[in-house]
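Only one structure is covered here, and it is reproduced in the block below.
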Amino acid sequence: MNSPEQPLPTFDEVLLCTPQTSEEQVGLFLRRCLIPCPGGDKIYTMLYADELSYDVSCRAEELFQRLQCYNSSYRLIILCNCERENSYLPSAFSHCKVHMIPQRPRAEMQQYLQRHFRVAQPSSSAAAVFKEHMCVGIVSSKRAGMGK
């Protein structure tokens, strides 16, 4: 986000973890991150790694230990809920832990995201539904189960 022209992460750079995330999904993600390839300037991010099951977390750490020798300049970010930092994967990487506070004002971050999520030529797409022709939107409610 240092430059407004800098693109958002691509689908292969982000793994959104859930308790159902498989060992295979994590393995493929770590291989993309740790095995060098042309155009390797990507930043890989595991979101909610604390949600992974114990078995998947153990296998992920083992695979990471085996593969990191192939690439000394990998860029991997593991984001976790601070209330679950004692789960397996956050504990295994606790020696690398950095507490982050956003360095940019909220308005600046919103402008950056709006720039990248706006549909260039509004047509008959789903973007017409969202405010200012955005291709994504957040729908929330204070009342659960209201058919969002």
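Numbering starts at 1 and runs along the sequence shown. Everything quoted here is computed from the prediction, not taken from an experiment.
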- Query: Checking side chain to side chain contact (heavy atoms under 4.5 Å, CB included) for the pair Ile35/Asn71: CA distance, chi angles, key distance, verdict?
  - Reply: CA-CA 6 Å; Ile35 296 177; Asn71 186 357; over 6 Å; no

- side chain to side chain contact (heavy atoms under 4.5 Å, CB included) between Arg66 and Leu34: does it pass, once the steps are laid out? CA-CA 10 Å; Arg66 282 197 321 259; Leu34 296 169; over 6 Å; no

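Evaluation of the salt bridge (charged side-chain N to carboxylate O under 4.0 Å, His left out) test over residues 11-22, restricted to residues two or more places apart or in two chains, returns Asp12-Lys42.
Partners of Tyr74 according to the ring pair (Phe, Tyr, Trp, His ring centres under 6.0 Å) rule, which considers only residues two or more places apart in sequence or in another chain, are Phe64. Take Ile77 and apply the side-chain contact (heavy atoms from CB on, under 4.5 Å) test, not counting sequence neighbours, and it matches Ile43, Thr45, Leu79.
Nearest approach of Pro36 to Tyr70, heavy atoms of both residues: CG-O, 3.2 Å. When every heavy atom of Val56 is checked against every heavy atom of Glu23, the shortest pair comes out as CG2-N, 3.8 Å.
Ser57 and Asp55 share no side-chain donor-acceptor pair at under 3.5 Å.
Heavy-atom neighbours of Tyr48 OH from other residues, nucleotides or ligands within 6.0 Å: at or below the threshold of 12. Counting heavy-atom neighbours within 6.0 Å of Glu24 CD, excluding the residue itself, gives a total of 12 or less.
With a 4.5 Å cut-off on side-chain heavy atoms, Tyr88 and Glu61 count as touching.
Of the possible polar contacts, one joining the Asp50 side chain to the Asn81 backbone as a donor-acceptor pair under 3.5 Å is found.
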